[in-house]
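Values in this document were obtained by computation on a predicted structure and should not be read as measured data. Chain letters run A, B, ... following the sequence lines, proteins first, then strands; residues in each count from 1.
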Number of protein chains: 2
Amino acid sequence: MYLYLIRHGIAIDPDPLTLDSIADDESRPLTKIGRKKIAQVADCLKQIHSHKGARLGLTFDLIITSPLIRAKQTADIFIDKQVSPKLEIAQDLKPMGNLPAWLMNWNARSDRNSISTLAIVGHEPNLSEWTELLLFGKVSHQLILKKGGMIGLKFPGNQIEIGTAQLYCLIPPKYLS
Amino acid sequence: MYLYLIRHGIAIDPDPLTLDSIADDESRPLTKIGRKKIAQVADCLKQIHSHKGARLGLTFDLIITSPLIRAKQTADIFIDKQVSPKLEIAQDLKPMGNLPAWLMNWNARSDRNSISTLAIVGHEPNLSEWTELLLFGKVSHQLILKKGGMIGLKFPGNQIEIGTAQLYCLIPPKYLS
């Protein structure tokens, strides 16, 4: 199966007077440019062609997002653009989220076999750290994932297990428009 | 500095009757579709825009290619498309090439400081193995690099040293058109 890890788009900066407020951070929305860029990314994924010119299009069977506003708004744009028919929210995808807990939930799902292309929308440094864990079993902070960027991992079966992935793509947002 | 590793485009298949002939393998040209796809990749790199719509364009100060026909033809298309002003050939970039030897030559060059964006055109599994070496100091075969695909590495200074890179991008060719 394929797992895509997508970082939310550009959001309004934290208010310096309330920088310590978790509630404030969780409710920061995307900026106008952030929304526009994510819409371009979604359009780009749907337009992908093979080297022979056949339209492939990348769509996801399911998107699971962090509940934070900037991530949820990013995922909503992908749903509006019909890049995926289905959206779920997972608390484990919040900043400082819990990958092992999320993996345990995922691998226990009864509908898992019907999903071969899954996307999660979340935050840094989580997403690049989780990518390194899924690839190599350890974190070394050697990956750069910009806002609106996307990582694609390929797994040999339909389980998502640490240390079993191959890196299929890591695409900065400027290449997705 | 940035180092981009580009895999040659789709070439004609080896002749099964002369499969053991190194000379035959070295002279395999790109197919018509292979040339077209690499031209699309070159055009795509020149068209890259920022999230604010400013035209950035990715160009290389220098391209160094494997001497094999399919790699040289790939590099020639980048030169024809003015993605780089300058092309060199390096024997160490051949299949089964020698990364440490190439690195020693590179880091000893007197003009190295004038080159902040370098591309090399070569072969698999070399390019993905070298990427893992430059990132992590060891090879684990977890990266997928298709023909016409591109990896981008960022180094903290202007030396290319094993174990010092960050992965900036890994882009399959279907995202570069």
Side-chain angles (χ1 to χ4, degrees), chain A residues 2 9-10 30-41 44-45 47-58 128 131-132 134-156 163-177, chain B residues 2 9-10 30-41 44-45 47-58 128 131-132 134-156 163-177:
Chain A
Y2 286 86
I10 298 167
L30 298 184
T31 64
K32 186 177 172 187
I33 285 177
R35 291 194 304 274
K36 183 180 164 195
K37 183 66 210 176
I38 295 296
Q40 285 176 346
V41 169
C44 175
L45 297 185
Q47 295 296 330
I48 290 166
H49 286 67
S50 76
H51 63 271
K52 290 183 179 170
R55 183 163 168 176
L56 303 172
L58 174 64
S128 59
T131 297
E132 290 183 326
L134 293 168
L135 287 168
F136 307 111
K138 64 173 192 165
V139 173
S140 49
H141 296 113
Q142 305 292 96
L143 308 185
I144 299 171
L145 180 63
K146 303 212 168 189
K147 293 185 183 84
M150 181 178 87
I151 291 170
L153 299 177
K154 185 179 180 181
F155 291 86
T164 66
Q166 286 186 291
L167 185 65
Y168 171 70
C169 66
L170 188 163
I171 312 184
K174 69 182 175 186
Y175 289 89
L176 293 170
S177 60
Chain B
Y2 287 86
I10 297 167
L30 298 183
T31 63
K32 186 176 172 187
I33 285 177
R35 292 196 302 276
K36 183 180 165 195
K37 183 67 210 176
I38 294 297
Q40 286 177 345
V41 169
C44 174
L45 298 184
Q47 294 297 330
I48 289 166
H49 286 69
S50 76
H51 63 271
K52 289 183 179 170
R55 183 164 167 172
L56 303 170
L58 174 64
S128 59
T131 296
E132 289 183 327
L134 293 167
L135 288 167
F136 307 110
K138 65 172 189 165
V139 172
S140 50
H141 295 112
Q142 305 292 94
L143 309 184
I144 298 171
L145 181 62
K146 302 211 170 192
K147 294 186 182 86
M150 182 177 86
I151 291 170
L153 299 177
K154 186 178 180 182
F155 292 86
T164 67
Q166 285 186 291
L167 185 64
Y168 171 70
C169 65
L170 187 164
I171 312 184
K174 68 182 175 187
Y175 289 89
L176 295 168
S177 60

Turns out that what part of Lys154(A) lies under 4.5 Å from chain B's heavy atoms comes down to side chain
Measuring heavy-atom distances to chain B, does Leu153(A) have an atom under 4.5 Å in its side chain, in its backbone, in both, or in neither? neither
Measuring heavy-atom distances to chain B, does Leu176(A) have an atom under 4.5 Å in its side chain, in its backbone, in both, or in neither? side chain
Please report the shortest heavy-atom distance between Tyr168(B) and Leu170(A), naming the atom on each side. O-CD2, 3.3 Å
Nearest heavy-atom pair of Leu135(B) and Gln142(A): which atoms, and what distance? O-NE2, 2.8 Å
Find out whether Lys138(A) and Phe136(B) are in side-chain contact, i.e. whether some heavy atom of one side chain is under 4.5 Å from a heavy atom of the other. no
Looking only at Ile48(B), Leu58(B), Leu45(B), most heavy-atom pairs under 4.5 Å shared with chain A are made by Ile48(B)
Heavy-atom cut-off 4.5 Å, strictly under: side chain, backbone, both or neither for Ile151(B) against chain A? neither
Which answer fits Leu145(A), side chain, backbone, both or neither, if we ask what part of it has an atom under 4.5 Å from a heavy atom of chain B? neither
Locate the shortest heavy-atom distance separating Gln166(B) from His141(A); write the atom from each residue and the value. NE2-O, 3.9 Å
